[in-house]
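On a predicted model such as this, the values are computed, not experimentally measured, just so you know. Whatever order the structure lists ligands and atoms in, that order sets their numbers, starting from 1.
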Amino acid sequence: MAHLRLRVIAGILAAAVILGVAELLAAFFGADTAPLNALGATVVDHTPDALREWAISTFGTSDKAVLYLIMGVVAVVVAGLAGALERTAVFAGSAMLGVFGLVAAVVVIGRGGVIAVVPTVIGVGAGIYALRALTRRIDDLPEPARSSEIFSDTGTSDLADTSDETDTGEPATGVSGAEMTAELPNTDPAAALPADDTKKLPNTADSPRVAPTGESQHDVDKAPAPVAKDSNRANAPSTSGGTRDPSTTARTENDSASTLPARRQVLRGMAIAGGVAAVAGIGGKLFGSLRTDVSGERAAVRLPQPIAPPEPILEGSELRLPGLTPFLTPNDEFYRIDTALVVPQVSKDSWSLRIHGMVDREIVLTWDDLANRAAVERLVTLACVSNEVGGDLIGNARWLGYRLDELLAEAGPHPDADMVLSRSTDGWTAGTPLSALTDGRDAILAVGMNGEPLPVQHGYPARLVVPGLYGYVSATKWVTELEVTRYDRATAYWTRRGWSAQGPIKTGTRIDTPRPRRRIDKGHTMIAGITWAQHRGISGVEVQIDNAAWQPARLADEQSIDTWRQWVYEWDATPGQHTIRARATDGTGETQTATRADVIPDGASGYPSVLVQVG
Ligand SMILES: Nc1nc2c(c(=O)[nH]1)N[C@H]1C(S)=C(S)[C@@H](COP(=O)(O)O)O[C@H]1N2
Ligand SMILES: [Mo]
């Protein structure tokens with residue numbers, strides 16, 4: 001296939017134009033109207049559970065980056081194929097881009113309505129235009145020229161073209177030795193020209209040489225060389241400017257045109273396509289984030305004063321042992337789990353919380369409305385249902401916000417309601433038992449985290465925090481809606497995908513130190529970790545070395561039943577290989593189960609264990 005490499009590059013550039021132009025428009029129409037963002041979000045929504053589990057456990061918090069990487073690779077392959085198949089008279093590649101556009105359009109409309117399709121349509125239009133323009137230029141190239149040469153010639157400056165013309169190796173592209181010699185006399189004078197004249201070289205020196213090449217490889221009976229020479233001289237500067245149309249009138253001078261301008265047309269076209277893609281894409285990203293980024297406004301937010309002084313952290317809740325997880329998790333180390341490929345940027349000024357559904361009176365609360373209400377601050381440990389035994393999808397923070405029982409009471413939930421379906425700006429939902437929000441526990445609409453406004457990726461300006469329930473059924477970030485409803489009427493995001501409708505946190509223990517498969521010194525060893533059973537509390541932790549009897553560990557002080565607790569067991573380690581296990585008993589007296597369970601459908605279970613080599 002002639003010029004395969006050029007065609008593949010043309011296809012990839014066309015795809016870059018699509019994504020770049022769409023990104024630029026998405027700066028105005030919203031980040032989720034960019035086709036890759038919309039497609040990625042749809043992939044996320046439809047990823048089979050097993051795959052999602054695998055992705056989270058394999059890539060952790062970089063699962064989103066991996067998804068974009070995969071989409072990028074697929075895009076490059078498809079686009080390269082589209083480029084390879086496209087011809088001036090064959091629209092196969094354009095059709096492929098069109099099909100991509102159609103799929104993306106359907107997805108984008110499904111997620112954001114008809115108007116959201118604009119970036120995709122214009123982007124795909126621009127991409128197909130670019131593919132057509134580049135393909136025409138490539139089709140105009142003389143057959144024998146190999147793309148490698150096109151590129152080695154690029155040099156891209158006119159000066160480089162000069163050296164190209166004097167390069168006697170070039171005709172080896174397929175012209176015979178005789179032609180080669182015939183050309184030499186022509187190239188010599190060219191090489192002898194003073195440097196200032198180099199600009200004219202492509203026309204003067206090129207034409208005579210190209211005629212044989214063009215004629216022998218191309219259309220022998222088309223326009224004779226002299227005509228081509230003249231027309232070429234007259235037109236080359238403008239024709240190589242890239243405005244040329246592949247119309248039939250242009251064809252004549254084209255076919256007999258020199259390889260050099262044709263080559264330069266291709267390169268110039270590619271440079272333009274690449275430039276448009278890069279400028280539009282990067283510009284769109286920058287402009288989009290300038291327009292929507294809320295980190296500036298967040299930094300200026302003044303948090304409400306809690307009605308009571310902040311809950312002091314008990315001195316004894318922190319054991320201060322090397323390798324042990326600190327009692328409070330700093331915001332920048334707090335795990336992040338959500339389905340949002342683009343972190344929602346929600347301004348507090350446009351934010352509101354609507355409480356509706358099975359209520360006596362629907363209410364809408366704005367940010368300023370909240371200022372008139374009493375704020376509280378509470379320590380609550382948040383955990384993800386996808387946290388494996390020994391995993392780190394759990395964190396403890398100080399949350400500042402408004403009691404949900406008070407906000408719900410203002411709306412007046414009906415007695416036959418049993419669920420609150422909370423919804424975020426990006427359409428994600430959680431179904432929380434109404435009872436968990438009204439039974440007196442510290443369920444809050446949080447606006448602050450560890451003394452700061454909520455970090456944007458943790459839900460700025462407002463999210464839910466409910467002690468005792470996994471995040472997927474309670475901890476809605478960027479929350480704007482609470483619909484009071486019933487479990488038999490509404491199904492939340494993850495429940496629709498096979499996860500349990502109810503998500504109480506299972507009692508758990510983690511061994512932080514020693515680390516697994518470490519070699520440690522014999523003798524006195526601190527085995528330490530954390531344990532949690534939010535809203536039930538912990539009554540004890542035990543440690544087992546190999547198959548010996550379970551021994552009680554020492555627990556740090558109990559800050560509250562809603563937070564995790566540190567624990568430590570002092571061990572006189574003997575040489576050899578040992579397995580350390582731990583288990584907790586919650587405040588109701590129930591010991592966590594040894595039975596291993598997968599995270600789906602309602603959270604992992606089983607004892608954590610660590611294998612160490614002593615001595
Ligand atoms: N809007 C939105 N809120 C969400 C989610 C989400 O995907 N979208 N994921 C939930 C899940 S599964 C968990 S475990 C917690 C995690 O909160 P964090 O990222 O602040 O740690 O957020 C919850 N809130
Ligand atoms: Mo989660």
Side-chain angles (χ1 to χ4, degrees), residues 32 40-47 49 52-53 55-57 60-64 67 328-346 351 353 380-388 391-401 420-432 443-450 452-482 492-506 508 532 534 564 598-604:
D32 29 314
T42 302
V43 169
V44 168
D45 287 354
H46 295 95
T47 301
D49 293 313
R52 172 188 130 89
E53 280 327 302
I56 289 181
S57 62
T61 314
S62 30
D63 56 343
K64 295 182 176 76
L67 173 63
L328 263 191
T329 313
N331 288 356
D332 56 0
E333 285 168 30
F334 208 96
Y335 79 95
R336 173 192 168 200
I337 290 286
D338 54 62
T339 58
L341 287 174
V342 182
V343 179
Q345 305 285 325
V346 184
W351 175 88
L353 180 70
V380 176
T381 299
L382 200 65
C384 183
V385 68
S386 294
N387 196 29
E388 310 271 356
D392 57 5
L393 300 180
I394 181 165
N396 186 40
R398 191 194 275 286
W399 307 97
L400 174 73
V420 171
L421 189 74
S422 52
R423 185 175 279 112
S424 64
T425 47
D426 62 351
W428 187 86
T429 53
T432 312
I444 56 180
L445 173 72
V447 296
M449 181 178 183
N450 289 330
E452 290 174 23
L454 278 180
V456 179
Q457 55 175 359
H458 292 294
Y460 178 85
R463 73 171 306 165
L464 304 186
V465 174
V466 183
L469 303 180
Y470 285 123
Y472 83 105
V473 290
S474 68
T476 308
K477 306 190 272 190
W478 315 288
V479 65
T480 52
E481 220 184 290
L482 301 182
Y493 185 94
W494 284 118
T495 308
R496 222 175 292 143
R497 289 162 179 79
W499 295 73
S500 169
Q502 301 290 334
I505 294 177
K506 295 181 180 176
W532 60 92
Q534 289 93 314
W564 62 19
D598 194 11
V599 295
I600 188 165
D602 61 0

* Taking the side chain from N396 and the backbone from L328, do they hold a donor-acceptor pair closer than 3.5 Å? -> no
* Ignoring hydrogens and geometry, is there a side-chain-to-backbone donor-acceptor pair from N331 to M449 under 3.5 Å? -> yes
* What residue and heavy atom of the protein are closest to atom 19 (O) of ligand 1, and at what distance? -> K477 NZ, 2.5 Å
* With heavy atoms of L382 as the reference, note each atom of ligand 1 found under 4.0 Å away. => 17 (O)
* Check whether any side-chain N or O of K477 sits under 3.5 Å from a backbone N or O of S424 as a donor-acceptor pair, and report yes or no. => no
* To the nearest 0.5 angstrom, please state how far the CG atom of D602 sits from the OH atom of Y472. => 6.5 Å
* Would you check whether V385 has a nitrogen or oxygen atom less than 3.5 angstrom from a nitrogen or oxygen atom of ligand 1? => no
* Within the side chain of T432, is there an N or O that forms a donor-acceptor pair under 3.5 Å with the backbone of V473? -> yes
* Protein heavy atom at shortest distance from atom 24 (N) of ligand 1 -> A475 O, 3.0 Å
Show me, pair by pair, the donor-acceptor contacts under 3.5 angstrom made by side chains of residues 40-47, not counting sequence neighbours?
| unit_1 | atom_1 | unit_2 | atom_2 | d |
| --- | --- | --- | --- | --- |
| T42 | OG1 | A38 | O | 2.9 |
| T42 | OG1 | R111 | NH1 | 3.3 |
| D45 | OD1 | Y493 | OH | 2.3 |
| D45 | OD2 | R111 | NH1 | 3.3 |
| D45 | OD2 | R111 | NH2 | 3.4 |
| H46 | ND1 | T42 | O | 2.9 |
| T47 | OG1 | V43 | O | 2.6 |

* Short N/O distance, under 3.5 Å, between Q457 and ligand 1? -> no
* **Residue T476 vicinity, atoms of ligand 1 by number, heavy atom under 4.0 Å** => 3 (N), 24 (N)
* Asked: Can you list the ligand 1 atoms lying under 4.0 Å from a non-hydrogen atom of F334?
  -> 21 (O)
* **Donor-acceptor contact below 3.5 Å, side chain W351 vs main chain V479** => yes
* To do: Identify the protein heavy atom lying closest to atom 4 (C) of ligand 1, giving its residue, its atom name and the separation to 0.1 Å.
  => W428 CZ3, 3.5 Å
* What is the nearest protein non-hydrogen atom to atom 21 (O) of ligand 1, stated with its residue, atom name and distance? -> Y335 O, 2.6 Å
* Are the side chain of Y470 and the backbone N or O of K506 linked by a donor-acceptor pair below 3.5 Å? -> yes
* To do: Under 4.0 Å from a heavy atom of S424: give me the atoms of ligand 1 that qualify, with their elements.
  => 1 (N)
* Asked: Atoms of ligand 1 less than 4.0 Å from R463 heavy atoms?
  -> 15 (C), 17 (O), 18 (P), 20 (O), 22 (O)
* ligand 1 atoms in contact with C384 (distance to a heavy atom under 4.0 Å) -> 14 (S)
* Is there a donor-acceptor contact under 3.5 Å from the side chain of T429 to the main chain of L421? -> no
* To do: For Y472, counting its heavy atoms only, list the atoms of ligand 1 lying under 4.0 Å from any of them.
  => 11 (C), 12 (S)
* Asked: Just distances here: any N/O of T339 and N/O of ligand 1 closer than 3.5 Å?
  -> yes
* Proximity of Y493 to ligand 1 by residue part, where a heavy atom lies under 4.0 Å -> neither
* Indicate, as side chain, backbone, both or neither, the part of Y470 found under 4.0 angstrom from ligand 1 when only non-hydrogen atoms are considered. => neither
* **Qualifying residue for side-chain contact (heavy atoms from CB on, under 4.5 Å) with R398, from N450, V380, T329** => N450
* To do: Return the residue, atom name and 0.1 Å-rounded distance of the protein heavy atom closest to atom 16 (C) of ligand 1.
  => I337 O, 3.6 Å
